[in-house]
Amino acid sequence: MLLEVQNLSVSYDTATILHDVNIKVDDMELVGLVGPNGAGKTTLLRAITGLVKWERDHKRGLRQGKIRMEGTVHFMGERIDHLPAHEIVQRGLVHCPERRRPFMEMTVYENLLAGAYLLNGKRSEFKELLEGIYHLFPVLKVRAKQVSGTLSGGEQQMLAIGRALMLRPKLLCIDEPSIGLAPIVKRDLFHRIGEIARSGITILLVEQDVAMTFAMASRNYILSHGRLVSEGTSQQLMQDEGIRKSYLGL
Ligand SMILES: Nc1ncnc2c1ncn2[C@@H]1O[C@H](COP(=O)(O)OP(=O)(O)OP(=O)(O)O)[C@@H](O)[C@H]1O
Ligand SMILES: [Mg+2]
């Protein structure tokens with residue numbers, strides 16, 4: 001098992017955001033995590049990748065108050081929930097955050113270079129990764145010298161994913177990549193996420209577009225009000241009438 005989250009609970013002050021969540025992601029899987037606004041999807045990713053803990057320890061929560069996190073997270077068989085976020089990244093558990101905007105005043109190339117900080121200046125590895133990213137997102141090569149703030153929404157999302165790939169993830173957690181994108185751009189982006197998965201990178205995909213996610217993922221979790229309400233293969237979930245009605249509008 002690549003990732004194993006057990007009995008994870010997170011609360012801010014008196015509000016419990018995640019209740020006893022258990023999820024697993026196996027090597028080479030593409031797993032979907034869906035659920036309505038405010039369900040706790042982003043909080044779950046932030047807890048896994050060490051950001052909730054960082055907030056707690058540095059008292060930097062958006063809201064001043066007590067943050068509590070319980071439960072365990074194992075990655076590649078080792079317990080990581082006590083590790084700082086930068087060590088979790090180094091192990092290959094990478095988070096591509098929601099509404100991620102690249103450094104707007106830097107060019108596309110500079111953003112990718114900044115993303116490669118874990119390579120410690122190894123030029124040949126950087127070039128190899130860069131080629132891979134340009135192959136996956138040719139538009140980033142075309143726009144390499146363009147200032148990132150002038151990219152379209154879809155291009156910015158591709159750059160955000162490209163930058164995450166520079167960290168050589170084993171598990172890439174992508175938070176709502178399709179938000180705000182036109183249907184055709186969205187389909188194209190999903191297609192490329194599928195290519196990343198086929199290249200051997202395990203993916204945990206957080207999305208509100210349930211139909212698209214089920215079409216891509218082999219297994220899915222449904223989170224609602226901080227609790228897992230269902231899990232299964234896309235096929236299993238699509239056969240469930242309640243889920244079809246609530247999440248697919250069918
Ligand atoms: N730092 C924080 N301090 C206080 N409350 C928080 C904090 N972060 C998240 N929350 C609350 O936790 C709940 C879950 O938020 P979260 O962002 O995880 O949901 P989500 O499923 O990602 O929603 P969306 O689909 O809108 O992105 C929300 O009610 C939110 O207000
Ligand atoms: Mg979110």
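Just so you know, ligand 1 is whichever comes first in the structure, and atom 1 is the first atom listed for that ligand. Position 1 is the first residue of the sequence; numbering continues from there.
With a heavy-atom cut-off of 4.0 Å, R46 does not touch ligand 1 at all. Contacts with ligand 1 closer than 4.0 Å are made by heavy atoms of both the backbone and the side chain of T42.
Less than 4.0 angstrom separates some heavy atom of E98 from each of these atoms of ligand 1: 24 (P), 27 (O). Taking every non-hydrogen atom of E176 and a distance limit under 4.0 Å, the qualifying atoms of ligand 1 come out as 24 (P), 25 (O), 27 (O). Taking a cut-off of under 4.0 Å to the non-hydrogen atoms of I17, the atoms of ligand 1 that pass are 11 (C), 12 (O), 13 (C), 14 (C). Interface of Q208 with ligand 1, defined as ligand atoms under 4.0 Å from a residue heavy atom, comprises 25 (O).
No option in V21, D20, I222 other than V21 meets the side-chain contact (heavy atoms from CB on, under 4.5 Å) test with L228. With E195 as the partner, the side chain to side chain donor-acceptor pair (under 3.5 Å) test is satisfied by one option alone out of H191, R192, R198: H191. With P177 as the fixed residue, the side-chain contact (heavy atoms from CB on, under 4.5 Å) test singles out one of I174, L181, D175: I174.
The Mg ion (ligand 2) lies at 2.8 Å or more from every N, O or S atom belonging to T43. With 2.8 Å as the limit, E98 counts as an N, O or S neighbour of the Mg ion (ligand 2).
Taking each of V52, N37, T16, V206 in turn, the one with a heavy atom nearest to atom 24 (P) of ligand 1 proves to be N37.
Judged by distance alone, the side chain of Q157 and the main-chain N or O of G154 form no donor-acceptor pair under 3.5 Å.
Ligand 1 has no N or O atom lying under 3.5 Å from any N or O atom of G35, backbone or side chain. Checked by distance only, ligand 1 and G40 come closer than 3.5 Å through their nitrogen or oxygen atoms.
A salt bridge between D81 and R79 is present, with a side-chain N of the basic residue lying under 4.0 Å from a carboxylate O of the acidic one. Ionic pairing of E125 and R123 is not present here: no N-O contact between side-chain nitrogen and carboxylate oxygen is shorter than 4.0 angstrom. No salt bridge links E98 with K41; every basic N to acidic carboxylate O contact stays at or beyond 4.0 Å.
Residues L3 and H74 are not in side-chain contact: their nearest non-hydrogen atoms beyond the backbone lie 4.5 Å or more apart.
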